[in-house]
*Asks:* 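Just passing along the structure, written as structure tokens.
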Amino acid sequence: MDALCMALHIVYSMKSWNDAILKSVNLGGDADSVSAIVGMLVGAKYGLCKELLEQYKFVKVWDEGKIALKAYKLFCSWFLLKQSNIESL
């Protein structure tokens with residue numbers, strides 16, 4: 001609950017998505033959880049912008065596509081499970 005309260009305060013008090021992310025990662029303590037929530041909130045508030053796409057490019061290079069692959073596998077397993085449940089009805 002503290003992480004959510006901290007994230008809401010950060011998003012409310014910062015003027016841009018970049019300021020909010022920087023503030024959240026530099027808090028210390030449970031910064032990873034707070035930053036994850038801040039990331040979701042600023043994504044909903046500001047949407048996808050040019051600057052965010054530039055940051056995403058760095059993450060993509062650093063990650064070598066591993067997160068995208070895991071997301072794809074997770075979606076495929078969910079989709080196959082859903083299809084098998086529908087066919088068994």
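This is a predicted model, so every value here is computed, not measured.
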*Asks:* To the nearest 0.5 Å, what is the distance between CH2 on Trp17 and CG on Leu41?
*Replies:* 15.0 Å
*Asks:* Taking only residues two or more places apart in sequence or in another chain, which ones pass salt bridge (Lys or Arg N to Asp or Glu O under 4.0 Å) with Lys57?
*Replies:* Glu54
*Asks:* Would you kindly confirm whether Leu4 and Val11 end up in one hydrophobic cluster when ILVMFWY residues are joined by side chain heavy atoms under 4.5 Å apart?
*Replies:* yes
*Asks:* Would you say the side chain of Leu69 lies within less than 4.5 Å of the side chain of Lys73, judging by non-hydrogen atoms?
*Replies:* yes
*Asks:* Could you tell me whether the side chain of Leu27 reaches within less than 4.5 Å of the side chain of Ile10, counting heavy atoms only?
*Replies:* yes
*Asks:* To the nearest 0.5 Å, how far apart are OG in Ser16 and CD1 in Ile21?
*Replies:* 9.5 Å
*Asks:* Of all heavy-atom pairs between Val42 and Ala20, which one has the smallest distance, and what is that distance?
*Replies:* CG1-CB, 3.8 Å
*Asks:* Could you check whether any side-chain N or O of Ser33 sits under 3.5 Å from a backbone N or O of Asp30, counting only pairs where one atom can act as donor and the other as acceptor?
*Replies:* no
*Asks:* First locate atom CG of Leu22, then atom CG of Asn26, and finally report the distance between them rounded to the nearest 0.5 Å.
*Replies:* 6.5 Å
*Asks:* With rounding to the nearest 0.5 Å, note down the distance linking OG in Ser35 to CE in Met6.
*Replies:* 9.0 Å
*Asks:* Would you compute the distance between atom CG of Asp63 and atom NZ of Lys70 and round it to the nearest 0.5 angstrom?
*Replies:* 7.5 Å
*Asks:* Counting neighbours of NZ on Lys45 that are heavy atoms of other residues, nucleotides or ligands and sit closer than 6.0 Å, is the number greater than 12?
*Replies:* yes
